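Values below: every heavy atom of this structure, side chains too, minus hydrogens, waters and symmetry copies. Every number for a ligand or one of its atoms is a count from 1 in the order of the listing. Please read these numbers as outputs of a predicted model, since none were measured by experiment.
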Amino acid sequence: MTNETKIVVIYHSGYGHTKVQAEAVLAGALSVEGATAELIEADEAAASLDRIDTADAVIFGSPTYMGTVSAPFKAFMDASSAKWQRQAWKNKIAGGFTNSSSQVGDKTGTLQALSVFAAQHGMIWVGLDLLPGNNTSGGSDSNRNRMGASLGAMAQSLADQGADVMPPEADRQTAHYYGARIAKAAQRWAA
Ligand SMILES: Cc1cc2nc3c(=O)[nH]c(=O)nc-3n(C[C@H](O)[C@H](O)[C@H](O)COP(=O)(O)O)c2cc1C
């Protein structure tokens, strides 16, 4: 590719767990030849929305708080309404990830919120194409996509453990894979 594909990862993390996931998504995007990627915290993104205008793909990440996105991430979403009005981010590739402490934890609610948000902006949502990693007797917690998500990437961080160990390696690998998938999708979409 002659032109670089620009990926932006916008995330919030109250206690560092979702930041680890965001960094893995970023590393995955950067692993794709011809892709550039940067992390932007949600409050920073809300204050400088124009930074997103030049991205080819945007990946949204939020911890699951009370079954949906966290309040700081929602503040970014609401701040983006001026961009929505002009459909300034229309036809950009989009994806999303979330992390929570429970196995289920109502994480789907968060990914649904993110995908509806992307659809409102006229973006092209790309899901996770890894089959569930731990739904047979041969599967294990060490497999990628052990959470069994398809709408986006999920991670689970035990509530009493810090971001130095949580989310676990399998979820970090899932996030890495997903970041690469989004970067490749953006390249195909732009071709
Ligand atoms: C206000 C609040 C609400 C939460 N709600 C949920 C929830 O609905 N489901 C869940 O599994 N965990 C929930 N948690 C746990 C967080 O999702 C979990 O600790 C996560 O790792 C936090 O990510 P962070 O360190 O990036 O903020 C909640 C935590 C907080 C602080």
Side-chain angles (χ1 to χ4, degrees), residues 7-30 37-49 51-52 57-80 94-118 125 127-128 130 132-135 139-182:
I7 321 295
V8 171
V9 182
I10 300 171
Y11 76 99
H12 169 251
S13 181
Y15 306 92
H17 299 102
T18 312
K19 183 176 184 188
V20 169
Q21 192 184 18
E23 287 168 345
V25 167
L26 179 82
L30 286 170
E38 64 173 327
L39 281 182
I40 309 179
E41 286 186 54
D43 56 352
E44 198 189 325
S48 54
L49 293 167
R51 285 175 70 182
I52 298 156
V58 190
I59 314 177
F60 305 110
S62 170
T64 293
Y65 286 178
M66 308 314 292
T68 187
V69 296
S70 64
F73 197 89
K74 185 64 165 65
F76 156 71
M77 290 167 76
D78 291 358
S80 77
F97 59 92
T98 189
N99 159 76
S100 84
S101 58
S102 298
Q103 291 270 329
V104 174
D106 301 308
K107 284 190 272 289
T108 294
T110 306
L111 292 184
Q112 285 175 337
L114 295 176
S115 60
V116 169
F117 173 67
W125 185 266
L128 178 66
L130 290 173
N134 191 21
N135 67 349
S140 88
D141 244 4
S142 307
N143 292 350
R144 291 187 306 184
N145 199 19
R146 69 187 179 109
M147 294 285 111
S150 47
L151 196 50
M154 288 185 180
Q156 182 222 357
S157 299
L158 295 172
D160 60 346
Q161 296 195 343
D164 50 335
V165 286
M166 287 287 149
E169 181 59 25
D171 296 348
R172 298 178 194 213
Q173 287 181 11
T174 305
H176 189 282
Y177 176 88
Y178 188 60
R181 172 167 167 77
I182 298 284

Taking every non-hydrogen atom, the tightest pair across T174 and A153: CG2-CB, 4.4 Å
Within residues 108-118 or reaching into it, pairs that qualify as side-chain hydrogen bond (donor to acceptor under 3.5 Å, both in side chains) - sequence neighbours excluded: T64-T110
Within the 4.0 Å heavy-atom sphere of ligand 1, strictly under, residues: S13, G14, Y15, G16, H17, T18, P63, T64, Y65, M66, G67, N99, S100, S101, S102, G105, S157
Which side-chain N or O atoms in residues 162-172 pair as donor and acceptor under 3.5 Å with protein atoms at least two apart or in another chain?
unit_1	atom_1	unit_2	atom_2	d
E169	OE2	Q173	NE2	3.1
D171	OD1	R146	NE	2.7
D171	OD2	R146	NE	3.3
D171	OD2	R146	NH2	2.7
D171	OD2	Q156	N	2.9
R172	NE	P167	O	2.6
R172	NH2	P167	O	3.2

Side-chain donor/acceptor of N145 to backbone N/O of L130, under 3.5 Å: yes
Close aromatic pair by centroid cut-off 6.0 Å: F60 and F117: yes
Residues forming a salt bridge (Lys or Arg N to Asp or Glu O under 4.0 Å) with K74, sequence neighbours excluded: D78
